[in-house]
K.L.:
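First, the structure itself, so that you have it in front of you.
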Amino acid sequence: MNIFLVATHQRSLQEARIRAELRRMKAVYPTLDVDTIWDHRTPDKSILAASISADATRLEPRQVVSRNADGVALYSGMPVDPENRYRAHKADDLAVHWRELKDRLEGTYSVVKITDRDNQVEFQTDLLGGEAVYHVRHKGGWLFSNSVLLLERLVGWRPLDDLGVSMYLHIGHTVGDRTLRRDIRVMGGAQRWTLGGRSRVPTKYCYFPLSKLANLPRRNLDDDFVRDLAGELQRPLISLAENFDSVVCPLTGGKDSRVIASLLMDANIESQYFTFGDPNGGDAQVAAGLAQKFDLKHEFKTVDEQGVFESWDKMCLQTVRSTDGMRSLHHLGGMAKSAPISGAGKDIYLWGACGEVARSFFGNLPFLNRRLSVQDIKKILDRTGPDDSTGLVRETAKARARAWKDQCVDSCADQGMALLDIPDVFGNHYFDARRLSNNGRGLAPIRDTFTPYASRAFLEATFSQPVLSRFTEPLHYRLLETLSPGLHRFPFDKHPWRSQNPMLNLARIRARKKALFIKRKLRRIRNLVSPAKVNYSKVDSMFSRLDWFEDKRSYLRQFALDSASSCVWEFVDRDQFEKITSDDTNSTVRSHNLKLLFLVVTLLYYESDSDRSSAANDDSAVSQSISVA
């Protein structure tokens with residue numbers, strides 16, 4: 001892990017101040033080592049850089065910083081050279097071969113290259129912006145970092161951002177260029193920003209714009225195409241396997257992880273497989289069968305629910321601080337499952353993030369409507385986000401988020417995206433990109449991750465298929481069928497293969513939706529005649545988040561109500577929160593709004609964190625840390 005800062009045109013910002021604040025980051029990320037702190041100014045003093053990382057023993061074989069007579073190169077995340085000609089995880093190689101590497105890097109990463117002779121700094125983010133770089137304007141210059149907290153401590157306390165918080169509650173993530181803090185923004189995906197010399201405004205270049213995915217020629221998924229695609233997806237996996245102790249792959253009852261397993265097995269990459277969750281759950285049963293049938297090295301990882309209850313406060317505060325509030329406590333289980341399997345920290349964890357786009361997971365489209373308009377797409381996207389059946393989120397907040405989504409649709413259309421493609425673009429490039437970023441930051445202190453789905457080859461293959469075909473999950477189907485027929489035939493936990501005939505598949509989906517509508521209507525009629533007690537029946541194969549919330553409900557309710565002056569209540573109806581969390585409200589109501597309840601609680605933890613606010617405002621604390629430095 002590497003937490004960095006780059007400041008431009010900030011002559012009053014002293015190195016001692018930066019070193020002091022970097023030391024304090026160890027309280028947020030305990031794996032950081034204060035002995036790794038360094039700083040550097042360009043000859044004309046216009047650019048200042050510094051960072052703190054884990055020690056070399058923990059990082060090996062990674063090298064996250066390279067400093068030489070020409071300048072500095074550093075990165076966070078996990079850059080990969082798919083051609084494996086250079087070791088992109090070695091900052092020395094990045095520095096020397098930057099011109100050749102920068103246009104072909106894959107993975108989730110942010111890279112910074114400072115050239116002393118030009119007094120210039122260059123930033124590059126990965127394809128989707130999964131390794132976030134935050135920035136803020138300050139005193140005529142800029143500050144860049146991969147930590148919102150570090151920026152806040154250096155430039156001062158920032159109130160909650162109206163749009164960022166509205167997005168968080170209505171969409172489920174802060175998206176676009178927003179964070180939860182006013183004036184602190186996010187550099188987007190596939191960005192290359194350059195600042196240097198007297199220029200105080202960055203030169204911006206997008207090396208993979210959405211227009212590259214617009215109007216792609218349609219591709220038949222014949223054997224040659226599928227094999228070529230598999231080869232493109234396998235190249236970075238082979239590179240990782242050759243440079244690290246092992247690659248670790250999830251094994252579940254679903255499709256995304258199984259496709260990754262087929263890529264590894266076909267490439268003869270020896271891997272460690274794991275399944276997270278209840279050993280008696282559906283995921284575990286399918287995974288155990290797969291491991292036995294294909295002789296895979298496999299283990300289960302479970303969560304000690306009692307341990308979660310007992311260490312609730314510590315875990316909540318840690319995950320909220322480490323992700324700058326942007327990772328919901330709904331994902332708290334990730335903290336409990338994240339210890340490296342080998343214990344050495346030299347494994348690379350693969351995951352299936354962003355695979356949903358090839359299954360049109362985000363589209364629920366009226367395919368047969370030939371007069372579909374931009375306004376229709378906006379209405380479809382308005383239904384995305386966590387359930388809010390009780391009106392927890394204030395209408396003003398929802399209106400802000402809706403207005404931003406409408407602008408997003410217009411922007412995608414302006415870049416040439418077909419209307420039917422826009423929901424998948426939104427789900428992948430905006431929603432999943434930030435989910436990838438926030439979840440990855442929560443896991444970063446103890447492991448690095450890679451997803452083959454956040455790659456040029458996979459995205460181009462996905463959008464070369466029409467939406468109606470994407471609804472049949474053709475890439476997943478054909479990759480598994482071609483690479484591993486045995487894996488292809490093995491049963492899934494819940495969702496079997498869809499018909500590969502698009503129209504037949506569409507008819508079946510419509511029939512299921514109609515049957516579900518009739519079933520719900522009949523249930524309402526029965527309840528009018530003879531009211532029945534509704535019980536929460538959803539089974540979570542990992543763990544019951546509802547049980548977590550119910551166990552801590554009284555505490556969380558009191559914690560929220562004690563925060564009477566919190567700015568969060570400008571976005572959330574406090575009376576509704578009090579009502580929905582009371583003993584008089586059935587847990588079924590909370591179950592339907594569970595994701596939103598966790599988002600509200602996360603915001604309250606974040607906004608009321610005394611360490612965060614005092615760090616930016618307490619001059620004596622800053623002075624003391626500087627003197628210690």
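Note that the coordinates shown come from a computational prediction; the quantities given were computed from them, not determined experimentally.
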K.L.:
Assert yes or no for the condition that the ring centre distance of H173 to F431 is strictly below 6.0 Å.
P.N.:
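So the answer is yes for these two rings.
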K.L.:
Would you tell me whether N2 and S53 have side-chain atoms, one donor and one acceptor, within less than 3.5 Å of each other?
P.N.:
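No pair is found: no donor N or O on one side chain lies under 3.5 Å from an acceptor on the other.
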K.L.:
Donor-acceptor check, side chain of Y605 to backbone of V600, threshold 3.5 angstrom: yes or no?
P.N.:
no
K.L.:
Judged by atom type as modelled, is there a donor-acceptor pair below 3.5 Å linking the side chain of W142 to the main-chain atoms of R200?
P.N.:
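A pair under 3.5 Å: yes.
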K.L.:
With sequence neighbours excluded, tell me which residues meet salt bridge (charged side-chain N to carboxylate O under 4.0 Å, His left out) with D92.
P.N.:
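For D92 there are no salt bridge (charged side-chain N to carboxylate O under 4.0 Å, His left out) partners, ignoring immediate neighbours.
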K.L.:
So, for G176 and W404, which heavy atoms are closest and what is the spacing to 0.1 Å?
P.N.:
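Closest heavy-atom pair between G176 and W404: CA-CZ2, 3.7 Å.
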K.L.:
Treating S322 as the side-chain partner and T319 as the backbone partner, does any N or O pair qualify as donor plus acceptor under 3.5 Å?
P.N.:
yes
K.L.:
Would you please indicate yes or no on a ring centroid separation below 6.0 angstrom for F123 and F144?
P.N.:
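Judged by ring-centre distance (under 6.0 Å), F144 and F123 do meet the cut-off.
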K.L.:
Can you tell me if S411 uses its side chain to pair, donor with acceptor, with the backbone of Q407 under 3.5 Å?
P.N.:
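No.
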K.L.:
Got a sec, which pairs hit ring-ring contact (aromatic ring centres under 6.0 Å, His included) with one end in residues 79-103, sequence neighbours left out?
P.N.:
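As it turns out, the ring-ring contact (aromatic ring centres under 6.0 Å, His included) pairs with a partner in residues 79-103, which skip direct neighbours, are Y86-H97, H89-F244.
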K.L.:
First locate atom CZ of R17, then atom CG of L22, and finally report the distance between them rounded to the nearest 0.5 Å.
P.N.:
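Rounded to the nearest 0.5 Å, the CZ-CG separation comes out at 11.0 Å.
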K.L.:
Grab the two heavy atoms, one from L596 and one from P386, that are nearest each other, plus how far apart they are.
P.N.:
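The pair with the smallest heavy-atom distance is N-CB, 4.1 Å.
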K.L.:
If you round to the nearest 0.5 Å, how far is CZ of R435 from CG of N428?
P.N.:
9.5 Å
K.L.:
Please tell me whether D424 and S360 have a donor and an acceptor in their side chains that are separated by less than 3.5 angstrom.
P.N.:
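Yes, because at least one side-chain N or O of D424 sits under 3.5 Å from a partner of the opposite role on S360.
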K.L.:
Between the main-chain N or O of S563 and the side-chain N or O of S566, is there a donor-acceptor pair closer than 3.5 Å?
P.N.:
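Side chain of S566 to backbone of S563, a donor-acceptor pair under 3.5 Å: no, none is there.
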K.L.:
Checking side chain to side chain contact (heavy atoms under 4.5 Å, CB included) for the pair D410/V374: CA distance, chi angles, key distance, verdict?
P.N.:
CA-CA 8 Å; D410 291 335; V374 171; 3.6 Å; yes
K.L.:
Thinking salt bridges, do E607 and R181 make one under a 4.0 Å N-O criterion?
P.N.:
no
K.L.:
Salt bridge check: are D382 and K379 linked by an N-O gap of less than 4.0 Å?
P.N.:
no
K.L.:
Donor-acceptor pair, distance only, cut-off 3.5 Å: does the side chain of S46 make one with the backbone of T8?
P.N.:
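No; zero donor-acceptor contacts below 3.5 Å.
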K.L.:
Any idea which heavy atoms bring S147 and I3 closest together, and the distance?
P.N.:
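For S147 and I3, the tightest heavy-atom pair comes out as CB-CG2, 4.1 Å.
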K.L.:
Would you say the side-chain atoms of T451 pair up with the backbone N or O of W351, donor to acceptor, closer than 3.5 Å?
P.N.:
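Between the backbone of W351 and the side chain of T451 there is a qualifying donor-acceptor contact (under 3.5 Å).
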K.L.:
Output yes when R58 and D33 qualify as a salt bridge under the 4.0 Å nitrogen-oxygen rule, no when they do not.
P.N.:
no
K.L.:
Could you give the distance from CG (D324) to CG (L149), rounded to the nearest 0.5 Å?
P.N.:
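Here the rounded value is 6.0 Å.
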K.L.:
For K212, enumerate each residue passing the side-chain hydrogen bond (donor to acceptor under 3.5 Å, both in side chains) test, keeping only those at least two apart in sequence or located in another chain.
P.N.:
none
K.L.:
As an exercise, state the distance from OH of Y349 to CE of M78, rounded to the nearest 0.5 Å.
P.N.:
13.5 Å
K.L.:
For F4, is there any backbone N or O sitting under 3.5 Å from a side-chain donor or acceptor partner on S145?
P.N.:
yes
K.L.:
Side chains of residues 452-462: which donor-acceptor pairs under 3.5 Å do they make with residues two or more places apart or in other chains?
P.N.:
{"residue": "Y453", "atom": "OH", "partner": "D256", "partner atom": "O", "Å": "2.6"}
{"residue": "S455", "atom": "OG", "partner": "P452", "partner atom": "O", "Å": "2.8"}
{"residue": "S455", "atom": "OG", "partner": "F458", "partner atom": "N", "Å": "3.4"}
{"residue": "R456", "atom": "NH1", "partner": "L105", "partner atom": "O", "Å": "3.1"}
{"residue": "R456", "atom": "NH1", "partner": "E106", "partner atom": "OE2", "Å": "3.2"}
{"residue": "R456", "atom": "NH2", "partner": "D103", "partner atom": "O", "Å": "3.4"}
{"residue": "T462", "atom": "OG1", "partner": "F458", "partner atom": "O", "Å": "2.9"}

K.L.:
About how many Å separate CE of M326 and CG of N439, when rounded to the nearest 0.5 Å?
P.N.:
11.5 Å
K.L.:
If you draw a 6.0 Å radius around NZ in K102, do more than 12 non-hydrogen atoms from other residues or ligands fall strictly inside?
P.N.:
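Check passes, neighbour count above 12.
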K.L.:
With ring-ring contact (aromatic ring centres under 6.0 Å, His included) as the rule and sequence neighbours excluded, what pairs involving residues 32-51 come up?
P.N.:
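Not a single pair qualifies under ring-ring contact (aromatic ring centres under 6.0 Å, His included).
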K.L.:
Please test Y109 against Q124 for side-chain hydrogen bond (donor to acceptor under 3.5 Å, both in side chains), starting from the C-alpha separation and ending with a verdict.
P.N.:
CA-CA 8 Å; Y109 66 85; Q124 179 164 307; 3.0 Å; yes
K.L.:
State whether R470 and D421 are salt-bridged, where the test is any N-O pair (Lys NZ or Arg NE/NH1/NH2 against Asp/Glu carboxylate O) under 4.0 Å.
P.N.:
yes
K.L.:
Are the side chain of S110 and the backbone of T125 linked by a donor-acceptor contact shorter than 3.5 Å?
P.N.:
no
K.L.:
Looking only at atom types and distance, does a side-chain atom of N119 sit under 3.5 Å from a main-chain N or O of G196, one as donor and one as acceptor?
P.N.:
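Checking the backbone N and O of G196 against the side chain of N119, no donor-acceptor pair under 3.5 Å is found.
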K.L.:
Answer yes or no: is there a side-chain heavy-atom contact under 4.5 Å between D432 and V357?
P.N.:
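A side-chain contact under 4.5 Å is absent here.
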K.L.:
In chain order, what residues pass the side-chain hydrogen bond (donor to acceptor under 3.5 Å, both in side chains) check against R104, with sequence neighbours excluded?
P.N.:
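In terms of side-chain hydrogen bond (donor to acceptor under 3.5 Å, both in side chains), with neighbours along the sequence ignored, R104 is linked to D81.
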K.L.:
Can you run down the salt bridge (Lys or Arg N to Asp or Glu O under 4.0 Å) pairs that involve residues 161-174, sequence neighbours left out, and say none if there aren't any?
P.N.:
D161-R178, D161-R185
K.L.:
May I have the step-by-step check of side-chain hydrogen bond (donor to acceptor under 3.5 Å, both in side chains) for D118 and T115, ending in yes or no?
P.N.:
CA-CA 6 Å; D118 298 326; T115 309; 4.9 Å; no
K.L.:
Under the side-chain hydrogen bond (donor to acceptor under 3.5 Å, both in side chains) rule, collect the residues that match up with S12, sequence neighbours excluded.
P.N.:
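In terms of side-chain hydrogen bond (donor to acceptor under 3.5 Å, both in side chains), with neighbours along the sequence ignored, S12 is linked to no residue.
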K.L.:
Which class fits the ring pair H330 and F598: parallel under 30°, tilted 30 to 60°, perpendicular over 60°?
P.N.:
perpendicular
K.L.:
According to the side-chain hydrogen bond (donor to acceptor under 3.5 Å, both in side chains) rule, which pairs have a member within residues 126-141, sequence neighbours left out?
P.N.:
S76-E131, E131-R441
K.L.:
List in chain and number order the residues that pass salt bridge (charged side-chain N to carboxylate O under 4.0 Å, His left out) with E570, two or more places apart in sequence or in another chain; answer none if no residue qualifies.
P.N.:
none
K.L.:
Report the residues that fulfil salt bridge (charged side-chain N to carboxylate O under 4.0 Å, His left out) with R41, sequence neighbours left out, ordered by chain and then residue number.
P.N.:
E15
K.L.:
Report, as yes or no, whether the 6.0 Å neighbourhood of atom CZ on R400 holds more than 12 heavy atoms from other residues, nucleotides or ligands.
P.N.:
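Yes - once you tally the heavy atoms of other residues, nucleotides and ligands closer than 6.0 Å, there are more than 12.
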K.L.:
With distance as the sole criterion, is a donor-acceptor pair present between the side chains of R434 and T174 under 3.5 Å?
P.N.:
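Judged by distance alone, the side chains do pair up.
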K.L.:
Any idea which heavy atoms bring L420 and V467 closest together, and the distance?
P.N.:
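Smallest interatomic distance, heavy atoms only, reads O-CG2, 3.3 Å.
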K.L.:
With sequence neighbours excluded, tell me which residues meet side-chain hydrogen bond (donor to acceptor under 3.5 Å, both in side chains) with K90.
P.N.:
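So K90 forms no side-chain hydrogen bond (donor to acceptor under 3.5 Å, both in side chains) with any residue.
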K.L.:
What are the two closest heavy atoms between N68 and S66, and how far apart are they?
P.N.:
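Distance-wise, the nearest heavy atoms are ND2-OG, 3.9 Å.
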K.L.:
How many angstroms lie between CG in L154 and CG in L13, if you round to the nearest 0.5 Å?
P.N.:
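Between L154 CG and L13 CG, I get 6.0 Å after rounding to 0.5 Å.
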K.L.:
Closest heavy-atom contact between A73 and A91?
P.N.:
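Taking A73 first and A91 second, the nearest heavy atoms are O-CB, 3.8 Å.
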K.L.:
Take Y430 and C412 through the test side chain to side chain contact (heavy atoms under 4.5 Å, CB included) and record every step on the way to the result.
P.N.:
CA-CA 11 Å; Y430 293 92; C412 290; 4.2 Å; yes
